[in-house]
Participant: 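For reference, the structure I am asking about is given below.
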Amino acid sequence: QVQLVESGGGLVQAGDSLRLSCAASGRTGSLYFIAWFRQAPGKEREFVALIGWQRGTTFYTDSVRGRFSASRDNAMNMAYLQMNHVKPEDTAMYYCAGRGNRLMTTSSNGYEYWGQGTEVTVSS
């Protein structure tokens, strides 16, 4: 089992930067990917970004590519989502999720481990 805890959310203005953190514990050696998903009020959960836990390979959804950056620190069992030039449409609850399968996926169904979420609100 892997436990994930997000932090770093808050209220920011459009154009600001924010860094979300995801602390992993438990059997972190079983992880292949950490992904970030978000869910805005009244909308479905959507994929934002992922990073390969071992190799550091990253992938982003089109709406955040060039603005957001995923990273990880294996030694500290931490994953991060650096959010730059945020927009009001980035407002959502952000979740980190862990996957113990070597095949990459952007589907939330492919992730076994989930944090409780951290809320990001971007004002215009």
Participant: Compare every heavy atom of Ser124 with every heavy atom of Pro88, then report the nearest pair and how far apart it is.
Facilitator: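 Heavy atoms only, the tightest pair is CG-CB, 3.8 Å.
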
Participant: For residues Val64 and Val12: do they belong to one hydrophobic cluster (side chain heavy atoms under 4.5 Å, members Ile, Leu, Val, Met, Phe, Trp, Tyr)?
Facilitator: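 The answer is yes; both residues are in one hydrophobic cluster.
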
Participant: Please report the closest heavy-atom contact between Gln1 and Gln3, naming both atoms and the distance.
Facilitator: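 Closest heavy-atom pair between Gln1 and Gln3: CB-NE2, 3.7 Å.
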
Participant: Donor-acceptor pair, distance only, cut-off 3.5 Å: does the side chain of Thr91 make one with the backbone of Val122?
Facilitator: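 At least one qualifying donor-acceptor pair exists.
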
Participant: Do Arg38 and Glu46 come within less than 4.5 Å of each other through their side chains, counting heavy atoms only?
Facilitator: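 Heavy-atom side-chain distance check passes, below 4.5 Å.
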
Participant: Quick one: side chains of residues 104-111, donor-acceptor pairs under 3.5 Å with protein atoms, not counting sequence neighbours, listed by atom name and distance.
Facilitator:
unit_1	atom_1	unit_2	atom_2	d
Thr105	OG1	Ser107	N	3.1
Ser107	OG	Asn109	N	3.3
Tyr111	OH	Thr105	O	2.7

Participant: Taking all non-hydrogen atoms of both residues, which atom of Tyr95 and which atom of Gly115 are closest, and how far apart?
Facilitator: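 Where Tyr95 meets Gly115 most closely, the heavy atoms are CD2-O, 3.7 Å.
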
Participant: Considering only heavy atoms from C-beta outward, does the side chain of Val48 approach that of Tyr60 to under 4.5 Å?
Facilitator: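 Counting from C-beta outward, Val48 and Tyr60 never come under 4.5 Å.
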
Participant: Would you mind reporting whether Val86 and Ser17 have side-chain heavy atoms less than 4.5 Å apart?
Facilitator: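 When only atoms from C-beta onward are counted, Val86 and Ser17 do not touch, as no gap falls below 4.5 Å.
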
Participant: Heavy-atom count around Glu44 CD within 6.0 Å, excluding the residue itself: above 12?
Facilitator: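 No, because the 6.0 Å sphere around CD of Glu44 holds 12 heavy atoms or fewer from other groups.
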
Participant: Does Arg27 count as lying over the ring of Trp53, i.e. NZ or CZ under 6.0 Å from the six-ring centre, within 45 degrees of the axis?
Facilitator: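 Output no; distance or angle outside limits.
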
Participant: How far apart are the C-alpha atoms of Met78 and Arg72, what are their side-chain angles, what is the distance that settles it, and do they pass the side chain to side chain contact (heavy atoms under 4.5 Å, CB included) test?
Facilitator: CA-CA 6 Å; Met78 296 290 297; Arg72 89 276 188 249; over 6 Å; no

Participant: Taking the side chain as every heavy atom from C-beta outward, state whether Thr57 and Ile51 have any pair of such atoms under 4.5 Å apart.
Facilitator: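 Thr57 vs Ile51: side chains apart.
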
Participant: Quick one: does Trp36's side chain get under 4.5 Å of Cys22's, heavy atoms only?
Facilitator: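 Of all side-chain heavy-atom pairs linking Cys22 with Trp36, at least one is under 4.5 Å.
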
Participant: Using the ring of Tyr80 (Phe, Tyr or Trp, six-membered ring only), decide whether Arg19 places NZ or CZ under 6.0 Å from its centre and within 45 degrees of its axis.
Facilitator: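 Because its charged atom sits under 6.0 Å from the ring centre and within 45° of the axis, Arg19 does stack over Tyr80.
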
Participant: Quick check against the 3.5 Å criterion: does Gln13 have a side-chain atom that pairs as donor or acceptor with the backbone of Ser123?
Facilitator: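 Side chain of Gln13 to backbone of Ser123: no pair is present.
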
Participant: Report the C-alpha distance between Val120 and Leu18 in whole Å, list the side-chain angles of each, state the deciding distance to 0.1 Å, and finish with yes or no for side chain to side chain contact (heavy atoms under 4.5 Å, CB included).
Facilitator: CA-CA 9 Å; Val120 173; Leu18 195 65; 3.8 Å; yes

Participant: Roughly how far, to the nearest 0.5 Å, is CG of Asp16 from CG of Asp90?
Facilitator: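 Asp90 atom CG to Asp16 atom CG measures 11.5 Å (nearest 0.5 Å).
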
Participant: Any chance you could lay out the side chain to side chain contact (heavy atoms under 4.5 Å, CB included) test for Tyr94 and Glu119, step after step, and finish with the verdict?
Facilitator: CA-CA 6 Å; Tyr94 282 73; Glu119 190 166 8; over 6 Å; no

Participant: Donor-acceptor check, side chain of Arg45 to backbone of Ala40, threshold 3.5 angstrom: yes or no?
Facilitator: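 No, because the side chain of Arg45 does not come within donor-acceptor range (under 3.5 Å) of the backbone of Ala40.
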
Participant: Asn101 and Tyr32: side chain to side chain contact (heavy atoms under 4.5 Å, CB included), yes or no, with the steps?
Facilitator: CA-CA 6 Å; Asn101 186 295; Tyr32 280 91; 5.5 Å; no

Participant: Quick one: sort the Phe47 and Phe37 rings into parallel, tilted or perpendicular, breaks at 30° and 60°.
Facilitator: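 Because their plane-to-plane angle is over 60°, the rings of Phe47 and Phe37 count as perpendicular.
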
Participant: Quick one: does Glu6's side chain have a donor or acceptor within less than 3.5 Å of a partner on Gln116's backbone?
Facilitator: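 Such a contact is found between Glu6 side chain and Gln116 backbone.
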
Participant: If I compare all heavy atoms of Ile34 with all of Cys96, which pair ends up nearest, and what's the gap?
Facilitator: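 Of all heavy-atom pairs spanning Ile34 and Cys96, the closest is CG2-CB, 4.5 Å.
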
Participant: Would Arg99 pass as a cation-pi partner of Tyr113, given that its NZ or CZ must be under 6.0 Å from the six-membered ring centre and within 45 degrees of the axis?
Facilitator: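 Here Arg99 fails the 6.0 Å and 45° test against Tyr113.
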
Participant: Between Met83 and Leu20, is there a side-chain heavy-atom distance shorter than 4.5 Å?
Facilitator: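 The answer is yes; the side chains approach within 4.5 Å.
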
Participant: Shortest non-hydrogen contact from Ala49 to Leu81?
Facilitator: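 Taking every non-hydrogen atom into account, CB-CD1, 4.1 Å.
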
Participant: Under 4.0 Å between a Lys/Arg side-chain N and an Asp/Glu carboxylate O for Asp62 and Arg65?
Facilitator: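 Yes, charged N to carboxylate O under 4.0 Å.
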
